[in-house]
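Numbers here simply count residues along the sequence, with the first being 1. Worth knowing before you read on, the calculation uses all heavy atoms, side chains too, and leaves out hydrogens, waters and symmetry mates.
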Amino acid sequence: MIQFEQDIKHLACFLENFLIRNGANYQVAHFINLLLNLAILIALTIGANYLVKRFVIQAFKAFTDSTKTTFDDFLIQSKFPKYVGQIIPLLILYYLTPVVFVDYPSILGIFDKLFDIYVIILVIWICRSFLRSSKNYLNTLKQYNDKPIESYIQVIVILVWVVGLMFIFAEITGRTVESFAISLGAVSAVLLLIFKDTILGFVASIQIAVNDIVRIGDWITFEKYGADGNVTDINLATVRVQNWDNTFTTIPTYSLISESFQNWRGMLQSPGRRIKRAIYIKQNSVKFLNEEDLKNLENISLIQSYISKRQEEINKYNTEHHIDKSLPLNGRNQTNLGIFRKYIDSYLNEHSAIHKELYSIVRHQAPTDKGIPIEILCFSRDKRWENFEYITADIFDHIIAAIPYFDLKLFESPSGDDITKLVSVNTVKK
């Protein structure tokens with residue numbers, strides 16, 4: 001190795017010695033020799049860089065095409081071979097530059113610093129490229145594609161840059177890395193303030209992953225930020241949500257653990273999707289049913305057996321207790337609203353789109369100034385949004401259309417036409 005270095009140094013001075021032997025001035029010969037060596041060094045560096053790109057990187061691409069794993073494909077996308085390939089030209093510079101500038105120690109000193117700084121930056125680029133490839137590869141795996149991998153990768157990249165900057169600072173100032181780290185301790189409060197969002201985001205990412213709060217692909221609703229759609233990305237600072245109108249909303253990652261939001265994952269994983277909606281019945285349309293009313297309602301097949309059986313029980317009770325039925329208020333009676341609720345319940349049980357294993361309830365809620373709320377709570381088998389809306393609309397279309405058959409009236413706030421008709425009637429009466 002020593003003999004090889006001596007041969008290189010001797011070869012580098014060949015032109016200078018030749019010119020001096022032929023009577024050239026030492027300064028001129030030395031300068032021409034320096035220019036030639038510098039040109040050769042640049043040519044070798046550029047040539048090595050070309051060969052690396054032309055053959056080594058292309059060979060790596062050919063190798064990746066022949067393998068089954070996709071990790072090496074992601075290495076190509078992140079320019080990992082390109083960065084690693086720069087090591088060969090750097091080695092040429094490292095060994096030959098001292099030979100070219102052997103008589104210029106000041107230039108060599110500057111070169112050494114610049115070379116070390118570039119090597120540090122190159123190592124950072126290589127690490128960053130490898131980490132990005134790892135992130136993209138992990139996202140293709142089923143067990144990781146819904147995890148906030150990017151948040152962890154970003155933290156590691158930040159740490160790599162911090163360590164790299166520490167070495168660069170030490171190289172420029174001539175101080176040790178330990179002294180630079182001690183200096184960081186003195187300004188830790190300022191650093192904490194600068195990286196507050198990053199630290200909060202990192203902590204939030206860990207809690208989100210450990211507690212399984214949000215996954216990529218989850219449908220979430222966050223009213224404060226106007227977000228209502230699928231989570232497409234979770235990184236160190238923000239969570240990206242694609243809304244149903246195809247717009248995007250970004251949410252601070254820390255907000256997902258510090259504030260309340262709605263995650264629809266449970267609904268999507270459950271066997272059915274909940275339908276919860278109420279209709280409002282006018283209170284003055286509720287009445288007791290006489291025999292003629294009951295006879296008409298018995299024509300409805302879904303509740304025919306119920307009406308007959310229920311009326312038999314009521315008649316038996318009233319007879320046993322000698323109830324005076326000349327007044328309908330006495331004793332027990334069926335109402336049109338009660339039978340209507342039973343009809344809705346029977347209709348839901350017969351509906352093919354309603355999940356029978358999950359609960360189904362028709363609730364009679366407390367009266368309001370808008371009438372009596374009859375709330376329907378059940379679950380559809382189909383959880384897809386468009387089909388869910390169709391099923392819900394189909395059910396309530398039928399229920400609303402059935403209301404008049406029970407001598408009930410649906411509450412509706414007066415419109416402009418209603419007020420106009422009322423005014424017209426009052427005017428005619430006057």
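Checking side-chain atoms of S129 against main-chain N and O of F80 turns up a donor-acceptor pair under 3.5 Å. Formation of a donor-acceptor pair under 3.5 Å by the S78 side chain with backbone atoms of R132 is not found in this model. At distances below 3.5 Å, not a single donor-acceptor pair connects side-chain atoms of N243 with backbone N or O atoms of D245. Between the side chain of S360 and the main chain of K356, no donor-acceptor pair closer than 3.5 Å is present. Judged purely by atom type and a 3.5 angstrom limit, Q283 uses its side chain to pair as donor or acceptor with the backbone of T368. For the pair D218 (side chain) and R215 (backbone), a donor-acceptor distance under 3.5 Å is present. Of the possible polar contacts, none joining the T221 side chain to the D228 backbone as a donor-acceptor pair under 3.5 Å is found. N336 places a side-chain N or O within donor-acceptor distance of the main-chain N or O of K287, the cut-off being under 3.5 Å. Under a 3.5 Å cut-off, the side chain of S285 and the backbone N or O of K409 do form a donor-acceptor pair.
With respect to the salt-bridge test (charged N to carboxylate O, under 4.0 angstrom), the residues E375 and R277 do not qualify.
More than 12 heavy atoms of other residues, nucleotides or ligands sit less than 6.0 Å from atom NZ of K383. Counting non-hydrogen atoms of neighbouring residues, nucleotides and ligands closer than 6.0 angstrom, the CZ atom of F71 exceeds 12 such neighbours. More than 12 heavy-atom neighbours from other residues, nucleotides or ligands sit within 6.0 angstrom of CD on E313. When the shell of 6.0 Å around CZ of F248 is examined, it contains more than 12 heavy atoms from other residues, nucleotides or ligands. Around CD of E386, the count of heavy atoms belonging to other residues, nucleotides or ligands within 6.0 Å exceeds 12. Annotation for K370: atom NZ does not count as buried by contact number, only 12 or fewer foreign heavy atoms lying within 6.0 Å.
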Checking F222 against V239 for the side-chain contact (heavy atoms from CB on, under 4.5 Å) test, could you report, in this order, the C-alpha distance in whole Å, the side-chain angles of both residues, the deciding distance, and whether it holds? CA-CA 11 Å; F222 208 139; V239 174; over 6 Å; no
What verdict does the side-chain contact (heavy atoms from CB on, under 4.5 Å) test give for M166 and F169, after you've listed the backbone C-alpha separation in whole Å, the side-chain angles of each residue and the deciding distance to 0.1 Å? CA-CA 5 Å; M166 290 172 62; F169 177 82; 5.8 Å; no
Trace of the side-chain contact (heavy atoms from CB on, under 4.5 Å) decision for S308 with E298: CA-CA 8 Å; S308 300; E298 283 182 349; 3.4 Å; yes
Quick one, R384 with F388, criterion side-chain contact (heavy atoms from CB on, under 4.5 Å). Give me CA distance, side-chain angles, the key distance, then yes/no. CA-CA 6 Å; R384 291 173 294 180; F388 168 80; over 6 Å; no
Report the C-alpha separation of Y225 and S255 in whole Å, then their side-chain angles, then the decisive distance to 0.1 Å, and conclude whether the side chain to side chain donor-acceptor pair (under 3.5 Å) test is met. CA-CA 10 Å; Y225 296 96; S255 297; 3.1 Å; yes
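Annotation: side chain of V241 is in contact with side chain of I251 (closest heavy-atom distance under 4.5 Å). Put simply, the side chain of I354 does not reach to within 4.5 Å of the side chain of N349, judged on heavy atoms. The side-chain heavy atoms of I374 and H364, taken from C-beta on, include a pair separated by under 4.5 Å. Side chains of V286 and L408 form a contact here, defined as non-hydrogen atoms less than 4.5 Å apart. Considering only heavy atoms from C-beta on, N263 stays 4.5 Å or farther from I213 through its side chain. The side-chain heavy atoms of F411 and I372, taken from C-beta on, include no pair separated by under 4.5 Å. F130 places a side-chain heavy atom less than 4.5 Å from the side chain of L75. With a 4.5 Å cut-off on side-chain heavy atoms, F261 and K224 do not count as touching.
Note that R274 lies outside the cation-pi zone of F379, set by a 6.0 Å cut-off to the ring centre and a 45° limit from the axis.
With ring centers used as reference points, Y118 lies 6.0 Å or more from F115.
Within the model, atoms CD1 of I376 and NZ of K276 stand 12.0 Å from one another, a figure rounded to the nearest 0.5 Å. Note that OG1 of T250 and CG of N235 are 9.5 Å apart. Values are rounded to the nearest 0.5 Å. The distance from the CD1 atom of I279 to the CG atom of L410 is 6.5 Å, given to the nearest 0.5 Å. Rounding to the nearest 0.5 angstrom, the gap separating the OG atom in S270 from the CG atom in L358 is 7.0 Å. The distance from the CD1 atom of I303 to the CZ atom of F406 is 4.0 Å, given to the nearest 0.5 Å. If you take OG1 on T253 and CZ on R240, they are separated by 13.5 Å, rounding to the nearest 0.5 Å.
What you find for G226 and T249 is that their closest heavy atoms are O-OG1, 3.8 Å. The minimum heavy-atom distance linking N230 with G217 is given by the pair OD1-O, 3.8 Å. Between G164 and I124, the shortest heavy-atom distance links the atoms CA-CD1, 3.7 Å.
When the options I307, N333, L297, T335 are evaluated for a side-chain contact (heavy atoms from CB on, under 4.5 Å) with L289, the one that passes is L297.
Applying the side chain to side chain contact (heavy atoms under 4.5 Å, CB included) test to I46 and every residue at least two apart in sequence or in another chain returns I42.
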Check: residues 394-404 side-chain donor-acceptor pairs under 3.5 Å, at least two apart:
from: D394; atom 1: OD2; to: H351; atom 2: NE2; distance (Å): 3.2
from: H398; atom 1: NE2; to: Y343; atom 2: OH; distance (Å): 2.6

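A parallel orientation is assigned to the rings of W264 and W219, their planes being inclined by less than 30° (bins at 30° and 60°).
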